[in-house]
Amino acid sequence: EFSPSTLSSLGNEFESGHLQTRAMDVAYATVSENAPLAFHRFSTQLLASGMVAKLVLSQCQLGDQMLVHLASNMMGEGGLSLKHLDLSGNLLSNDSCLSVVQLLMSAPALETLRLSCNAFGDPILLAMADVVKQTKLRTLDLSLNDMSNHGLAHMLRHVGTLHSLDVTGNDRREAEPFVLAIEDFCQSDNLFALVQLRYTPASWAPAEIKRAEAAWRARRVVMKRQRP
């Protein structure tokens, strides 16, 4: 567990220059519930150099308040080099929507963002839809949250520069809105965006799955024919 004292010691090592890294992976290192301020200081010290390109904080039990601290520390030089951020498997909810948007806007080089296995709903999709188009994001993982097919359909219409979008295991109700969005997207002018789409929950009816997959296969055929 990352207690306040552990975070403080580790942060001091980064601040003193004894530790320098471009990739920080602390997956499964639980951050203590009483350590939000210590986490804030630690993330400040870690990101101060502007060198960190990969940051993995999955399965750390990070809550919304800790993400506020992380997002604030991304501003300035803190997020300039960041290309990969993994926040999957934490305790993040719709209260983190503004923090996620701030992260995206403060990390201009960010290419991969993983938010799977949290408690996000449609508000995060609405918050991100317009912002994603202004970024260099290539991979977005939103799987295993609590998003509706209507919300996912909205997101699919705002993919921007995304090459890979994973929305598996969200809405387990009627799939029709998202299936229609897939069909619309496959007929759109944005032909070469979104090379990989993962979307199929086990609860979808076979007919719905077949419709979506047929549209996707047809689009890939057209892509191959029209690539220079």
Side-chain angles (χ1 to χ4, degrees), residues 22-25 27 43 46-47 50-58 62 64 67-68 70-90 92-147 151-170 178 181-182 184-186 188-199 216 219-220 223:
R22 289 188 57 80
M24 184 72 177
D25 187 340
S43 60
L46 171 66
L47 296 169
M51 293 174 53
V52 178
K54 181 177 182 179
L55 182 57
V56 179
L57 295 167
S58 60
L62 296 182
D64 296 315
L67 191 60
V68 169
L70 182 63
S72 67
N73 289 327
M74 289 286 184
M75 299 179 69
E77 296 183 358
L80 291 181
S81 298
L82 193 66
K83 293 185 176 182
H84 180 111
L85 178 61
D86 188 345
L87 296 168
S88 57
N90 283 295
L92 305 176
S93 71
N94 292 326
D95 290 338
S96 286
C97 287
L98 291 179
S99 297
V100 172
V101 170
Q102 187 176 341
L103 283 170
L104 288 170
M105 300 305 293
S106 301
L110 191 67
E111 296 178 353
T112 298
L113 177 60
R114 302 195 182 282
L115 298 172
S116 64
C117 300
N118 280 287
F120 289 117
D122 286 359
I124 191 69
L125 298 172
L126 299 175
M128 292 180 66
D130 290 330
V131 178
V132 166
K133 294 184 291 185
Q134 305 173 40
T135 70
K136 296 181 179 179
L137 202 63
R138 294 291 186 268
T139 299
L140 177 59
D141 185 353
L142 298 171
S143 61
L144 300 171
N145 278 281
D146 191 29
M147 302 162 184
L152 296 173
H154 179 76
M155 187 67 198
L156 189 57
R157 297 185 179 100
H158 296 79
V159 294
T161 59
L162 284 179
H163 284 191
S164 176
L165 175 63
D166 191 342
V167 295
T168 302
N170 278 280
F178 193 54
I182 291 175
D184 289 344
F185 177 79
C186 291
S188 70
D189 294 331
N190 198 11
L191 190 62
F192 299 118
L194 206 61
V195 175
Q196 185 177 64
L197 174 63
R198 296 177 180 171
Y199 55 86
W216 195 255
R219 174 177 175 274
R220 296 303 297 273
M223 286 176 62

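All values derive from a computational prediction rather than experimental measurement. Values below: every heavy atom of this structure, side chains too, minus hydrogens, waters and symmetry copies.
- Between Leu55 and His84 there is no side-chain heavy-atom pair separated by less than 4.5 Å.
- Under the 4.5 Å side-chain criterion, counting only non-hydrogen atoms from C-beta, Ile124 is not in contact with Leu126.
- In this structure the side chain of Leu67 reaches within 4.5 angstrom of the side chain of Val100, judged on heavy atoms.
- For Asp95 (side chain) and Cys97 (main-chain N/O), no donor-acceptor pair under 3.5 Å exists by modelled atom type.
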Intermediate values then yes/no, side chain to side chain donor-acceptor pair (under 3.5 Å), Arg138 and Thr161: CA-CA 6 Å; Arg138 294 291 186 268; Thr161 59; 3.1 Å; yes
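- Here the closest non-hydrogen pair linking Leu62 and Leu87 is CD1-CD2, 4.2 Å.
- Side-chain contact between Tyr199 and Ile182 is present, with heavy atoms from C-beta onward closer than 4.5 Å.
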side-chain contact (heavy atoms from CB on, under 4.5 Å) between Arg22 and Lys54, intermediate numbers included: CA-CA 6 Å; Arg22 289 188 57 80; Lys54 181 177 182 179; over 6 Å; no
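- Annotation: side chain of Leu46 is not in contact with side chain of Asn73 (no heavy-atom distance under 4.5 Å).
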Residues Met155, Val132; criterion side-chain contact (heavy atoms from CB on, under 4.5 Å); working and verdict: CA-CA 10 Å; Met155 187 67 198; Val132 166; 3.7 Å; yes
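- Atoms SG and CG, on Cys117 and Leu144 in that order, are 4.5 Å from each other to the nearest 0.5 Å.
- Here the options are Leu113, Leu162, Thr112, the test is side-chain contact (heavy atoms from CB on, under 4.5 Å), and the partner is Thr139; only Thr112 passes.
- How far OG1 of Thr135 is from CD of Glu111: 10.0 Å, rounded to the nearest 0.5 Å.
- Remark: the backbone N or O of Gln102 is paired with a side-chain donor or acceptor of Ser106 at under 3.5 angstrom.
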Step-by-step side-chain contact (heavy atoms from CB on, under 4.5 Å) determination, Met74 to Leu47: CA-CA 7 Å; Met74 289 286 184; Leu47 296 169; 4.1 Å; yes
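- When all heavy atoms of Val131 and Met105 are compared, the pair lying nearest together is CG1-SD, 3.3 Å.
- Judged by distance alone, with hydrogens and angles left aside, the side-chain atoms of Asn90 form a donor-acceptor pair with the main-chain N or O of Leu57 at under 3.5 Å.
- Val167 has its side chain out of reach of Asp141: every pair of non-hydrogen atoms, C-beta onward, lies at least 4.5 Å apart.
- Between Trp216 and Phe185, the ring planes lie parallel to each other; the angle is under 30°, not in the 30° to 60° tilted range.
- Under the 3.5 Å distance criterion, the side-chain polar atoms of Asp86 are left unmatched by any main-chain donor or acceptor of Val56.
- At distances below 3.5 Å, not a single donor-acceptor pair connects side-chain atoms of Asn145 with backbone N or O atoms of Met147.
- A 6.0 Å sphere centred on CG of Leu98 holds no more than 12 heavy atoms belonging to other residues, nucleotides or ligands.
- Interatomic distance, Phe178 CZ to Leu156 CG, rounded to the nearest 0.5 Å: 5.0 Å.
- Between His163 and Gln196, every side-chain heavy-atom pair lies at or beyond the 4.5 Å cut-off.
- Between Ser93 and Asp64, the shortest heavy-atom distance links the atoms OG-OD2, 2.7 Å.
- Annotation: side chain of Leu85 is in contact with side chain of Leu110 (closest heavy-atom distance under 4.5 Å).
- Closest non-hydrogen pair, Ala181 versus Ala153, comes out as CB-CB, 3.5 Å.
- Between atom CG of residue Leu104 and atom OG of residue Ser99 there is a gap of 11.0 Å, rounded to the nearest 0.5 Å.
- Between Leu115 and Asn118, the shortest heavy-atom contact is O-ND2, 3.1 Å.
- Taking all atoms of both residues into account, the shortest heavy-atom contact from Leu125 to Leu152 is CD1-N, 3.5 Å.
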Verdict with supporting geometry, Asp166 and Leu140, side-chain contact (heavy atoms from CB on, under 4.5 Å): CA-CA 6 Å; Asp166 191 342; Leu140 177 59; over 6 Å; no
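- Between the Asn170 side chain and the Leu142 main chain, a donor and an acceptor come within less than 3.5 Å of each other.
- Checked by atom type and distance alone, the side chain of Asn94 pairs as donor or acceptor with a backbone atom of Gly121 at under 3.5 Å.
- For Lys133, the NZ atom counts as densely surrounded, since its 6.0 Å shell holds more than 12 non-hydrogen atoms of other residues, nucleotides or ligands.
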